[in-house]
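As the structure lists them, so they are numbered: ligands from 1, and atoms in each ligand from 1. Numbers here are sequence positions counted from 1. Hydrogens, waters and symmetry mates are skipped; everything else that's a heavy atom, side chains included, is used.
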Amino acid sequence: MDKLVIRGGKRLVGTVTVSGAKNAALPIMAATLLAPGEHVLRNVPHLRDVSTMGRLMANLGAGFHLEKNRAILDCTEIKNYEAPYDLVSTMRASVLVLGPLVARLGKAKVSLPGGCAIGARPINLHLMGLEKLGATITLDAGYVVVRARKLKGASIYFDMPTVTGTENILMAAVLAEGKTLIENAAREPEVVDLADALIAMGAKIKGAGESIIEVEGVKKLKPLRYRIIPDRIETGTFMAIAGITGGDITLRNTRPDHLDAVINKLKDTGMKFRLAGKSIRVIGPERLKAVSTTTMPYPGFPTDMQAQLMSMMCLAEGASVISEKIFENRFMHVAELKRMGADITIEGGIATVRGVRRLTGAPLMATDLRASASLIVAAVAAEGETSVKRIYHLDRGYERIEEKLQSLGADIIREKE
Ligand code: EPU
């Protein structure tokens, strides 16, 4: 197992090219199951989750090849319809094959994901939506089995917006007979990117990015050639790094319009932003000012940036109240940040952070993807040496993070534990 060793305290300066979005690449890879033939995806990040999805696709009978951020998926023959426990337990996003498999083969068998480090994360809304489309659902030894002779369009209302739930239903509905309405749909840019990819395959979808999505089923889809959007959470994480180190970082190849809530919040900390097309220059102040936030579905402040903001607030002037509304257990980073000298108290889903003058390096343990990112944010600003163990979590979602940080002048190395 690898660990990262960071000597903090430097002002980080330079340019980073943002990678393709993990959470757009994963559903779009799954969507290629919907059409026989060879699909080509560009701007696909080299990440552990992408390899896991590639293994799952191969398990189903697809060809998968990733070279230089270009993925080729051959879905000519899909023979298998099962996502096994070992893959789903490694990556929950494996459930994204449910919708496309039912649409293509009339059946899917996917291991139930169970809870994870950030919460219970059920998939009841995915299953409710598939049932409305005419599928029958049974449970068999920890697996959910979904069958449908023919999917039929329906009206589906989500009690809460669910990102992968909306994506699963979109992928099932594009080949269903007739019209589907998804109400209270998730509006995240990754949902829009999936819809755009499906449209490029020949699907008829209106309203992606809004709360009501309308799908008119088509008989068949064609192979996809598509470029994945840039990763807004990677972009936001480097913004946090610029902020906490008082640095000056230009983020290239990104989408500033996907980060309105984050940029607005970070401006209140005293950070400066210069937007120019696909680039964002971010300049950190001498000392950050405390800001408070509540995580919300898009276009609100993203839960995937909550931990990184919290690390920034540990060194800010004043007190910050951070309320987590999406996942019930997403404060695993707090105990580790406190070991670095942070002053944080948690009550319910609310963390109160009182800014301190300095954090000190410590041996730390990564617990989930964004918690790991927050430890890196804290470590680059901390005095002395921090080692972050179990960074396989970080490798799930950040492409070449240590190389990108080194190019900004950070003292960071990857070592074998
Ligand atoms: N929920 C249900 N029932 C469902 C589905 C969701 O109760 O059937 C609840 C969840 O427990 C949660 C809320 O609805 O409280 C929203 O969860 P959502 O379904 O939107 O999350 P997700 O689709 O499982 C995706 C991202 C996450 C990101 C969340 C929220 C992917 C592959 N994953 O998860 O990304 O945090 O949306 O934006 O797109 C990450 O990248 O680190 C990550 C965890």
Checklist entry - Using a distance-only test with no angle check, is there a side-chain donor-acceptor pair under 3.5 angstrom linking E324 and N329? => result no

Checklist entry - Above 12 or not: heavy atoms from other molecules or residues under 6.0 Å from CZ of R400? => result yes

Item to check | Any R396 heavy atom less than 4.0 Å from ligand 1 | outcome: no

Next on the checklist: Assess, by modelled atom type and distance only, whether the side chains of N168 and H126 contain a donor and an acceptor separated by less than 3.5 Å.
Outcome noted: yes

Checklist entry - With distance as the sole criterion, is a donor-acceptor pair present between the side chains of T295 and Q306 under 3.5 Å? => result no

Checklist entry - Short N/O distance, under 3.5 Å, between R370 and ligand 1? => result yes

Item to check | Minimum non-hydrogen distance to atom 34 (O) of ligand 1, winning option of Q306, R121, M305 | outcome: R121

Next on the checklist: Checking Y398 against R48: is there a side-chain donor and acceptor pair closer than 3.5 Å?
Outcome noted: no

Next on the checklist: I need the contact type for Y298 against ligand 1. Using non-hydrogen atoms and a strict under-4.0 Å cut-off, is it side chain, backbone, both or neither?
Outcome noted: neither

Checklist entry - Among protein heavy atoms, which sits nearest to atom 22 (P) of ligand 1, and what does the distance come to when rounded to 0.1 Å? => result T164 OG1, 3.5 Å

Item to check | Donor-acceptor pair between Y226 and N43 side chains, under 3.5 angstrom | outcome: no

Checklist entry - Nearest protein heavy atom to atom 9 (C) of ligand 1, by residue and atom, and its distance? => result M160 SD, 3.5 Å

Checklist entry - Which bit of R92 gets closer than 4.0 Å to ligand 1, counting heavy atoms only: side chain, backbone, both or neither? => result neither

Checklist outcome for this item: Note: ligand 1 atoms sitting under 4.0 Å from heavy atoms of H126 are 8 (O)

Next on the checklist: V163 versus ligand 1: do any nitrogen or oxygen atoms come within less than 3.5 Å of each other?
Outcome noted: yes

Item to check | Residue part near ligand 1, for P122, under 4.0 Å between non-hydrogen atoms | outcome: both

Next on the checklist: Within the 4.0 Å heavy-atom shell around A93, which atoms of ligand 1 are there?
Outcome noted: 32 (C)

Next on the checklist: Would you say R330 and T303 are linked by a side-chain donor-acceptor pair, where the criterion is simply a distance under 3.5 Å?
Outcome noted: yes

Item to check | Protein contact of atom 12 (C) of ligand 1 - nearest heavy atom, named by residue and atom, plus distance | outcome: I326 O, 3.4 Å

Next on the checklist: Which residue and atom name correspond to the protein heavy atom nearest atom 3 (N) of ligand 1, and how close is it?
Outcome noted: N124 OD1, 2.7 Å

Checklist outcome for this item: ligand 1 to K22, heavy atom cutoff 4.0 Å, flagged ligand atoms 40 (C), 41 (O)

Checklist entry - Are S19 and K404 close enough, and set up right, to give a side chain to side chain donor-acceptor pair (under 3.5 Å), and what steps lead you there? => result CA-CA 11 Å; S19 299; K404 291 187 182 186; 2.8 Å; yes

Checklist entry - Taking 4.0 angstrom as the limit, do E210 and R187 come out as a salt bridge? => result no

Next on the checklist: Would K265 pass as a cation-pi partner of F301, given that its NZ or CZ must be under 6.0 Å from the six-membered ring centre and within 45 degrees of the axis?
Outcome noted: no

Next on the checklist: So, regarding T162 and ligand 1 (criterion: nitrogen or oxygen to nitrogen or oxygen, under 3.5 Å), is there a contact or not?
Outcome noted: yes

Checklist entry - Nearest protein heavy-atom contact for atom 33 (N) of ligand 1: which residue, which atom, what distance? => result N23 ND2, 3.6 Å

Next on the checklist: Checking a contact table here: which protein heavy atom is nearest atom 44 (C) of ligand 1, and how many Å away?
Outcome noted: R330 NH2, 3.5 Å

Checklist outcome for this item: When distances are taken from atom 30 (C) of ligand 1, the protein heavy atom at minimum range is T303 CG2, 3.8 Å

Next on the checklist: Side chains of T254 and T235 only: does a donor on one sit below 3.5 Å from an acceptor on the other?
Outcome noted: yes

Checklist entry - Of all the non-hydrogen atoms in the protein, which one sits nearest to atom 8 (O) of ligand 1, and at what distance? => result L125 N, 2.7 Å

Checklist entry - Taking atom types as modelled, is there a side-chain donor on Q308 or T237 under 3.5 Å from an acceptor on the other? => result yes

